[in-house]
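Since the structure comes first, as structure tokens, the remarks are kept for the end.
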Amino acid sequence: MKSILDDGFQAYLTEGAAFVGEARIPMLMDLRNAQIPKDMIPFKAAMSATNFRQYVHFYMYDKEFSRVLTATRRYLPLLQKFDGVITPDCSMMIGQAPCLQQTNTYMNRTVGFYLQKHGIPVIPNIRWSDKSSFSYCFLGVPQGNMVAVSTHGCIRSRQEKAMFRIGLEAMLEHIHPSIVLVHGRMPDDVFAPFAGQIEFHRYPSQIERVHRKAG
């Protein structure tokens with residue numbers, strides 16, 4: 001079975017990229033061709049989609065999109081059909097080894113950079129774990145542009161909400177985004193402190209959409 005390590009982290013993906021920080025994270029290119037998505041669609045539903053006026057996202061279990069990391073060029077024709085792509089949401093968890101978290105940040109930017117080179121509008125997905133990840137999890141993202149985050153599965157407890165709020169504040173300070181897209185719920189005890197500071201656009205998670213249809 002092919003692994004990410006077979007090809008030196010898929011070296012062809014970062015040809016021409018600049019690398020930043022001690023973690024050597026690839027720098028995304030200019031993001032100004034990305035537009036506020038009309039809607040989002042999960043990667044696992046993209047193959048059967050008929051509506052391409054939306055952005056493909058990867059807010060799902062890593063195993064459901066790992067093939068995009070290991071065989072990225074194979075999925076170019078599919079992803080090029082859509083308005084754009086939100087970079088892969090590779091897991092970053094509290095207690096996870098820092099080297100794995102840095103690798104997941106690396107792959108997030110690497111795939112985004114490669115898609116940009118092939119003309120696909122890209123919106124960076126920003127993921128952190130705890131404060132220890134702040135030294136690298138915001139690297140590789142041009143300042144003052146649109147970014148995306150997901151709260152799905154990340155704000156179930158009071159402690160998780162507090163950490164998400166701290167991470168969101170750190171992201172705003174490091175990246176100074178113009179707009180933040182939010183996949184999932186936006187509870188007041190997380191987002192209220194930022195009201196008026198930044199423009200948010202919310203997109204329901206897939207579970208929310210299913211429940212809405214069932215209701």
Side-chain angles (χ1 to χ4, degrees), residues 2 4 10 12-17 26-91 104-105 107-127 140-142 144-154 175 177-186 199-215:
K2 184 176 178 61
I4 295 175
Q10 308 284 49
Y12 74 90
L13 296 176
T14 56
E15 290 178 1
M27 188 75 193
L28 292 173
M29 295 187 287
D30 194 309
L31 300 167
R32 284 178 290 184
N33 66 337
Q35 303 295 318
I36 298 172
K38 295 178 174 62
D39 202 356
M40 295 182 183
I41 183 171
F43 170 71
K44 60 186 178 182
M47 292 185 184
S48 58
T50 56
N51 174 18
F52 302 112
R53 300 307 308 275
Q54 47 192 334
Y55 272 60
V56 178
H57 73 75
F58 299 89
Y59 298 124
M60 60 198 75
Y61 291 119
D62 292 36
K63 65 182 180 181
E64 295 180 303
F65 65 83
S66 60
R67 58 190 184 275
V68 177
L69 307 182
T70 58
T72 312
R73 58 163 61 105
R74 181 185 304 169
Y75 295 95
L76 272 178
L78 171 66
L79 297 176
Q80 285 171 329
K81 294 179 181 179
F82 290 86
D83 281 353
V85 174
I86 296 171
T87 58
D89 187 49
C90 304
S91 293
N104 286 344
T105 301
M107 292 309 300
N108 171 305
R109 310 293 193 267
T110 293
V111 171
F113 177 80
Y114 181 76
L115 297 182
Q116 285 184 307
K117 285 202 302 181
H118 289 272
I120 298 176
V122 161
I123 298 172
N125 171 65
I126 312 300
R127 173 69 73 180
V141 179
N145 291 277
M146 181 164 46
V147 300
V149 299
S150 178
T151 61
H152 182 64
C154 300
I175 300 176
S178 56
I179 295 171
V180 177
L181 311 179
V182 181
H183 169 267
R185 297 186 299 113
M186 289 184 62
E199 181 180 341
F200 291 105
H201 292 261
R202 191 182 95 82
Y203 298 82
S205 68
Q206 204 63 19
I207 289 179
E208 287 182 85
R209 295 171 193 254
V210 169
H211 288 173
R212 184 181 299 169
K213 287 182 179 180

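None of these values were measured; they are calculated from a predicted model.
Scanning all heavy atoms of the two residues, the minimum distance from His201 to Glu199 falls at NE2-OE2, 2.6 Å. Pairing each heavy atom of Asn51 with each of Arg53, the nearest pair is OD1-N, 3.0 Å. Looking at every heavy atom in both residues, Phe113 comes nearest to Met27 through CD1-O, 3.5 Å. Closest of all the heavy-atom pairs between Asp62 and Asp89 is OD1-O, 4.0 Å. Residues Ile126 and Arg109 share a closest heavy-atom pair of CD1-NH2, 4.3 Å. Here the closest non-hydrogen pair linking Tyr12 and Arg73 is CD1-NH2, 3.2 Å.
Going from atom CD1 of Ile41 over to atom CD1 of Ile86 covers 12.0 Å, rounded to the nearest 0.5 Å. Interatomic distance, CG of Leu79 versus CD1 of Ile120, reported as 5.0 Å (0.5 Å rounding). One distance of note links NZ of Lys117 with CG of Leu115; it measures 10.5 Å at 0.5 Å rounding. To the nearest 0.5 Å, the span separating NZ on Lys81 from CG on Leu76 amounts to 12.5 Å. With values rounded to the nearest 0.5 angstrom, Met146 atom CE is found 13.5 Å from Ile175 atom CD1. From Tyr203, atom OH reaches atom CE of Met186 across 11.5 Å, with rounding to the nearest 0.5 Å.
The closest side-chain heavy-atom distance from Val149 to Cys154 is not below 4.5 Å. Two residues are said to be in side-chain contact when any heavy atoms from C-beta on lie closer than 4.5 Å; Pro142 and Met29 fail this criterion. Using a 4.5 Å heavy-atom threshold, the side chains of Gln35 and Asp83 count as separate. Annotation: side chain of Tyr55 is in contact with side chain of Pro121 (closest heavy-atom distance under 4.5 Å). Using a 4.5 Å heavy-atom threshold, the side chains of Arg127 and Asn104 count as separate. Considering only heavy atoms from C-beta on, Thr87 stays 4.5 Å or farther from Val111 through its side chain. Within the 4.5 Å cutoff, side-chain heavy atoms of Arg32 are placed close to those of Asn145.
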### Query
Going through the distances and angles, do Met47 and Tyr75 end up as a side chain to side chain contact (heavy atoms under 4.5 Å, CB included)?
CA-CA 10 Å; Met47 292 185 184; Tyr75 295 95; 3.5 Å; yes
### Query
Between Leu31 and Gln116, is a side chain to side chain contact (heavy atoms under 4.5 Å, CB included) present by the stated rule, with each step listed?
CA-CA 9 Å; Leu31 300 167; Gln116 285 184 307; 3.3 Å; yes
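More than 12 heavy atoms of other residues, nucleotides or ligands lie within 6.0 Å of CZ in Phe200, so this atom counts as buried by the packing criterion. When the shell of 6.0 Å around CZ of Arg202 is examined, it contains more than 12 heavy atoms from other residues, nucleotides or ligands.
Ring orientation note: the planes of His183 and Tyr59 are close to parallel, at an angle under 30° on the 30°/60° scale.
Within the 3.5 Å criterion, the main-chain N or O of Asn125 finds a donor-acceptor partner in the side chain of Asn108. Here the side chain of Thr151 pairs a donor or acceptor atom with the backbone of Arg185 at under 3.5 angstrom.
Remark: of the listed residues Phe58, Phe65, Phe82, Tyr61, Phe58 is the sole one forming a ring pair (Phe, Tyr, Trp, His ring centres under 6.0 Å) with Phe43.
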